Amino acid sequence: MVIDKSKPNKLILQTKIQVYLHNTMVIKMKAQELRQLFFEFFRSKGHNIVSSAPMVVKNDPTLMFTNAGMNQFKDIFLGNRQPLNKRVANSQKCLRVSGKHNDLEEVGHDTYHHTMFEMLGNWSFGDYFKKEAIEWGWEFLVKRLGIPEDRLYATIFEGNKEDNVPRDNEAYSYWGKCFSNPEERILEGSKKDNFWEMGETGPCGPCSEIHVDMRDDKERKKISGKELVNKGHPHVIEIWNLVFIQYNRRSDGVLEQLPLKHVDTGMGFERLCMVVQGKKSNYDTDIFQSVIKEISAITGKAYGVNEKWDIALRVIADHLRAVSFSIADGQLPSNNKAGYVIRRILRRAVRYGYNCLGIEEPFIYKLVPVLARTMGNQYPELQTGKEQIAKIVFAEETAFLKTLGKGLKMIERMITDLRKEHKNVLAGKVAFEMYDTFGFPVDLTQLILKENDMHLDFNGFEDEMKNQKDRSRDDATVETGDWSVIKDIEGTEFTGYEKTEDEVLITKYRNVKVKGKMSCQLVFNKTPFYAESGGQTGDTGQITSENEKIAITDTIKENNLIIHIAKKFPSDLSVVFSAKVDLEKRIMTANNHSATHLIHFALRSILGKHVEQKGSLVTPDRLRFDFSHFSKLSKEELSKVEALVNRMVRENHSAKVTIGVSMEKALSMGAMALFGEKYGDMVRVVEFGKSVELCGGTHVDATGSIGIVKIVSEGAIAAGIRRIEAVTASKAEEYINEKLNTVDETASLLKSTGSIKESVEKLIAENSSMKKTIEKFQAQSATIMLKDLVEKAVIINNIRFVSGQLETDSSDLLKNIANHIRNSSDNTVLVIGSETRGKANILVMVSENLVRERNINATTIIKEIAGEINGSGGGQPFLATAGGKNPAGIPRALAKAADFLQKS
RNA sequence: GGGGAAUUAGCUCAGUUGGUCAGAGCACCUGCCUUGCACGCAGGGGGUCAAGGGUUCGACUCCCUUAUUCUCCA
């Protein structure tokens, strides 16, 4: 056992004290110490302590977030990678927002579910198995932490006939040696609780769980803990799951034995803290209390006073962790995929603050520093990123509160409408629309309705919700077939750094059906194709055999396997293929990738060392680079960056690539490790002059071949994060030429020899003054025409009838004339015809007093006369228009209007 | 990836089965009043109603396409 040598007795003493104090429930071992104790324990058992993988998963389409400690070892279990150490232990940050064990809407209502949590785990990759796993589990909990034996239960797998798996007698026998009364303490569990599977297919095996009974003595006497295991009792809980991976499930459902057997264990750290600290709730441990106290200080709502507040405080404390860790890993809140999950979690926290605590302004961002203090030791990314995290949370909170504000307005309007109709039920469809289209939470809708003595048709709402889910699910079904193995070779050697063409053999293939579209996936023994990774898109190209040529449309990486997406499967899979990468695209991609390195370097030189890469996208056509910076780049800064980059291009720095460098060495060379990026134990370093980066991508041999780099755009993508887009080489040439052409064409249009800008400014000024002049003229000519017409007016039936045909193509002008007359004189009917582009138009205006007193209607008149021009029309009682194809009929139409008035 | 919504003045937004309807507040400009924490009063400039098609006598309003943004689902 490894303990702190400077205080050799402290640990032992502490353990003894714990045993003594456990029943009185006043033990205080800080979470931080407990975590270290776990590491030291497994180090003493020959384990290598590794760091937590990022919580946000990249390069795995089936998983958005790390949801268990074993995720980062998935490819080892699948046999795609050899482990460096056969015994490993760590603490992994995990996120679970849905699935059988957890649902986001439940978190906070009980005292032991979380979105983000830490999972302690120890692993054996084909090394030790059930015996050691069980013995060490027991030793750690009972002997090291001093958890009394009579509070522990173990479960084992009861067996399953369908799968042909026997009862796990082996596990039972080892537990039997630990407990003094095994019959009482070891329970059997069904497939549901005690058989672990990675997915529908893949590695799986029986598991054995350890449960703790935390109830008072009195309670324990009443009902045996045995009755409460796996029954959802808040104080009789599972804390450690030991999984014994010994099978592989094929897609036909049949289990086959694995050649190597593995151990995968996971212990909920928050629960362990609760047990060790003698608390009844995870939220009472020091992990959460510091944050909860801060929320209370801000909101004035103390914990433990009433249930409604407590739920809100728990929700906020939990969600703060999930959101902060995600942002630290580089996952910003956004409107799809992983980013959307984060947004939803944060919004839920805001909602609880709003509903239950009555906080109507951003406040969660204020909690980030406290969280960084509490957990920054183990997870330094929180400490270094805390300012940026706070900024992003603030922006997100502000935006959502605005959404809420808009929704409140809408719902007020709806309530008014309902009142008018004397109804008190809001249709589910309406609430769903508010939720679906405007993001207004349904529980708030319900709350507000209740305050107004109304309620929601919740069933209707859920129906709509179900419809939408079905729609999305139908669309997203992916059917993945089994790998068919042709040659049993593990992994793929990547030869693409040296060559773009290679002789390859197909080792396995499978079908993947997405949206009814079949995609053919191939794996080779070695390949020159670069798989999408690190922002660089996958290679395209083709494979050819003697009688076939097949296009490769993309290359991806899944669980460390390089997979080629082919147009179709070759008819003969066993022959040698010549695999050839599309060279032109590869070169263009390399230009862009190397250029991102130069841009990164230039940004740091010019803006400062706070600039860090936050993401990038490199395609053959363009590049995108996201980085942290607090404000918009000025024009000067942008041109400085561009100038420095292009200088480095001209200096023609050769690429210096070093492979198999240890992480420490790479960092000492000046390379930057990015938080949220998963690196292997050995890394690849790419240097161009002073630019040093950890990078697995393909690059130019020397910067000169990039030719030229042109920044195309710069903008914000989130608070504190900016994005630069750029083009290089021939694409940059095209871009610049296009711009210059525009300038040339503009200049020749302007016939300008001097400054184009001045010419355009002059043109705009002239244009606007001309506009005004024209308006004046039009008004004048309208007055003249008006006068002309009015002079020719006749009196029919005591009505002044003004009519005539005008030459104008402006319907606005006609309307102007009409309105002018209407406003200036009563007792008038105006009928004007005009011809534009071979079509006839007629306008009828009737003075308001005639409409009122004599019931003369412009619409009636226009319908009466529109036939004469082969047209139709309509309008309002005082103004109507019609159009038709027969201009020759205009005089007849005017005459008919006169007749009409005569009769009325 | 799939649904829905939005885009109107520099900003925040109104705009009622398609017809004097292109508006408000803030900001801006001019003048007056005189300074007290968003001073007040009077007047004024500013909009291709996101872009492009279509339907119609007539489109900010209806339909289609595109762009951008928001939002929900996976």
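It should be emphasised that the depicted structure is a prediction, and the values quoted were computed from it without experimental measurement.
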Quiz item: For A:Met116 and A:Ala322, which heavy atoms make the closest approach, and how far apart are they?
Solution: CB-CA, 3.5 Å
Quiz item: Would you call A:Glu105 and A:Arg351 a salt bridge, taking side-chain N to carboxylate O under 4.0 Å as the test?
Solution: yes
Practice problem: Check every strand shown and say whether A:Gly439 touches a base, only sugar-phosphate, or nothing at a heavy-atom separation below 4.0 Å. | Solution: sugar-phosphate
Quiz item: Is any side-chain N or O of A:Arg343 closer than 4.0 Å to OP1 or OP2 of B:U71?
Solution: yes
Quiz item: Salt bridge between A:Glu725 and A:Arg622, side-chain N to carboxylate O under 4.0 Å?
Solution: yes
Quiz item: Between B:A74, B:C57, B:U20, which one does the side chain of A:Phe878 approach most closely?
Solution: B:U20
Quiz prompt | Distance between C1' atoms of B:G15 and B:C21 (Å, rounded) | solution = 8 Å
Self-check item: Atom of A:Thr537, atom of A:Pro620 and distance for their closest heavy-atom approach
Solution: OG1-CD, 3.9 Å
Quiz item: If you find the nucleotide of RNA chain B closest to A:Gly874 and the one closest to A:Tyr435, which residue's nucleotide is nearer the 5' end?
Solution: A:Gly874
Exercise. Considering non-hydrogen atoms only, spot the tightest contact between A:Ala349 and A:Ile364 and give its length.
Key: CB-CD1, 3.7 Å
Quiz item: Would you call A:Arg343 and A:Glu396 a salt bridge, taking side-chain N to carboxylate O under 4.0 Å as the test?
Solution: yes
Quiz item: Out of B:C13, B:C57, B:U20, which nucleotide sits closest to the side chain of A:Lys406?
Solution: B:C13
Quiz prompt | Atom of A:Gln521, atom of A:Ile565 and distance for their closest heavy-atom approach | solution = NE2-CD1, 3.7 Å
Quiz item: Nearest of B:C72, B:C13, B:A74 to any side-chain atom of A:Lys469?
Solution: B:A74
Quiz prompt | Rounded distance in Å between the C1' positions of B:A50 and B:C60 | solution = 12 Å
Self-check item: For atom CZ of A:Phe440 and atom P of B:U71, their distance in whole Å
Solution: 14 Å
Self-check item: Heavy-atom pair of closest approach, residues A:Leu426 and A:Ala431
Solution: CD2-CB, 4.3 Å
Quiz item: Between A:Ala338 and A:Ser334, which has a closest nucleotide on RNA chain B that is more 5'?
Solution: A:Ser334
Practice problem: Report the residues that fulfil salt bridge (charged side-chain N to carboxylate O under 4.0 Å, His left out) with A:Lys423, sequence neighbours left out, ordered by chain and then residue number. | Solution: A:Glu421
Quiz item: If the C1' atom of B:C41 is compared with that of B:U66, how far apart are they to the nearest Å?
Solution: 49 Å
Quiz prompt | Gap in Å between the two C1' atoms, one belonging to B:U71 and one to B:C57, rounded | solution = 40 Å
Quiz item: How far, in whole Å, is B:C28 from B:C11 if one measures between their P atoms?
Solution: 15 Å
Exercise. Remember a base hit wins even if backbone is also touched, and classify A:Gly875 as base, sugar-phosphate or nothing at under 4.0 Å, heavy atoms.
Key: base
Polar pairs (N or O, both sides) under 3.5 Å between protein and nucleotides 4-6 of chain B?
unit_1, atom_1, unit_2, atom_2, d
B:G4, O2', A:Thr437, OG1, 2.7
B:G4, N2, A:Thr437, O, 3.1

Quiz prompt | Pairwise C1' distance for B:U61 and B:C49, with rounding to whole Å | solution = 10 Å
Quiz prompt | Contiguous pairing runs of three or more, Watson-Crick or G-U under 3.5 Å, that involve RNA chain B | solution = B:1-7 with B:67-73, B:10-13 with B:23-26, B:28-32 with B:40-44, B:50-54 with B:62-66
Practice problem: Take atom C1' in B:G23 and the same atom in B:C33, then report the distance between them in whole Å. | Solution: 29 Å
Quiz item: Rounded to the nearest Å, what distance is computed from the CD1 atom of residue A:Ile842 to the P atom of nucleotide B:U56?
Solution: 18 Å
Self-check item: Under-4.0 Å side-chain N/O to phosphate OP1/OP2 contact, A:Arg347 with B:C70
Solution: no
Self-check item: Shortest side-chain distance from A:Asn841, nucleotide among B:C72, B:C57, B:U71
Solution: B:C57
Exercise. Take atom C1' in B:A59 and the same atom in B:C63, then report the distance between them in whole Å.
Key: 11 Å
Quiz item: Does A:Asn870 use its side chain to pair, donor to acceptor, with the backbone of A:Asn886 at less than 3.5 Å?
Solution: no
